[in-house]
Trainee: 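First the structure, which I've put down as structure tokens, then a few questions once you've had a look.
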Amino acid sequence: MNKVEHIGIAVKDLATSNTLFAKLFGAPAYKEEGVASEGVITSFFQAGPNKIELLQATHPDSPIAKFIEKRGEGIHHIAFDVTDIHAEMARLQEEGFVLLNETPKLGADNKLVCFLHPKTTNGVLIELCQERV
Ligand code: ZN
């Protein structure tokens, strides 16, 4: 596993939060992107070397809507950059972690992604992501 690629934050209203985070970082979101399969719309901010992803649900069955219902707005996941997502998924499965998807999915920001079930990672949703070439 390589560096933290980004931190994902669940928000109720992307437009409001975009304004808030633009003030926080002193720069607006550099990208907005929907991921229809996940029922989310995302925006990305760069703060120094760090990337922050905001996620808003697009329908009530979206995992983000359910997360906010249970836990409120806040940090939703930590994403780690990986060089070979298939190899990393196999390694982690071997180690007993529960993967939320069996094959990598297409995520936002041109990434292949896989999530680990938070019940096997101390309540923290971990995302593996590999840049698509
Ligand atoms: Zn993410």
Side-chain angles (χ1 to χ4, degrees):
M1 236 182 266
N2 306 323
K3 65 167 188 150
V4 170
E5 213 283 330
H6 63 270
I7 293 173
I9 299 176
V11 303
K12 286 181 183 165
D13 184 84
L14 197 65
T16 304
S17 296
N18 277 344
T19 304
L20 179 73
F21 279 81
K23 278 187 207 161
L24 181 68
F25 297 137
Y30 64 87
K31 176 180 345 195
E32 240 184 72
E33 190 182 344
V35 185
S37 60
E38 297 293 302
V40 297
I41 179 157
T42 64
S43 63
F44 287 91
F45 290 83
Q46 195 75 38
N50 307 298
K51 191 195 284 184
I52 300 294
E53 174 185 30
L54 303 184
L55 305 105
Q56 183 213 295
T58 54
H59 59 75
D61 292 331
S62 159
I64 294 299
K66 289 178 178 159
F67 175 88
I68 288 178
E69 206 172 285
K70 268 194 236 161
R71 298 168 67 166
E73 292 180 298
I75 293 180
H76 176 258
H77 65 269
I78 300 177
F80 290 90
D81 177 63
V82 297
T83 310
D84 180 345
I85 195 165
H86 291 93
E88 202 63 10
M89 285 168 69
R91 182 183 75 80
L92 292 171
Q93 203 156 30
E94 187 72 20
E95 293 284 4
F97 294 97
V98 174
L99 308 180
L100 287 180
N101 44 299
E102 289 294 313
T103 53
K105 293 194 290 191
L106 195 51
D109 206 23
N110 198 37
K111 299 281 196 289
L112 285 174
V113 304
C114 177
F115 287 92
L116 306 186
H117 198 296
K119 80 180 177 192
T120 57
T121 50
N122 282 171
V124 179
L125 181 62
I126 304 282
E127 174 185 353
L128 309 175
C129 61
Q130 180 188 336
E131 186 88 39
R132 291 172 77 219
V133 284

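Just so you know, ligand 1 is whichever comes first in the structure, and atom 1 is the first atom listed for that ligand. None of these values were measured; they are calculated from a predicted model.
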Trainee: Using modelled atom types only, decide if a donor and an acceptor are shared between the side chain of Asn122 and the backbone of Val124 within a distance under 3.5 Å.
Mentor: no
Trainee: The Zn ion (ligand 1) to Glu53: any N/O/S contact under 2.8 Å?
Mentor: yes
Trainee: Judged by modelled atom types alone, do His76 and Glu53 share a side-chain donor-acceptor pair under 3.5 Å?
Mentor: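 No donor-acceptor contact under 3.5 Å links the two side chains.
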Trainee: Looking at the Zn ion (ligand 1), is there an N, O or S atom belonging to His6 that lies under 2.8 Å away from it?
Mentor: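 Coordinating: yes.
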Trainee: The Zn ion (ligand 1) to His77: any N/O/S contact under 2.8 Å?
Mentor: yes
Trainee: Heavy-atom count around Leu20 CG within 6.0 Å, excluding the residue itself: above 12?
Mentor: yes
Trainee: With carbon and hydrogen excluded and only N/O/S kept, which atom of Glu127 is nearest the Zn ion (ligand 1)?
Mentor: OE1
Trainee: Regarding Glu88 and Arg91, does a basic nitrogen lie under 4.0 Å from an acidic carboxylate oxygen?
Mentor: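 Salt bridge present between Glu88 and Arg91.
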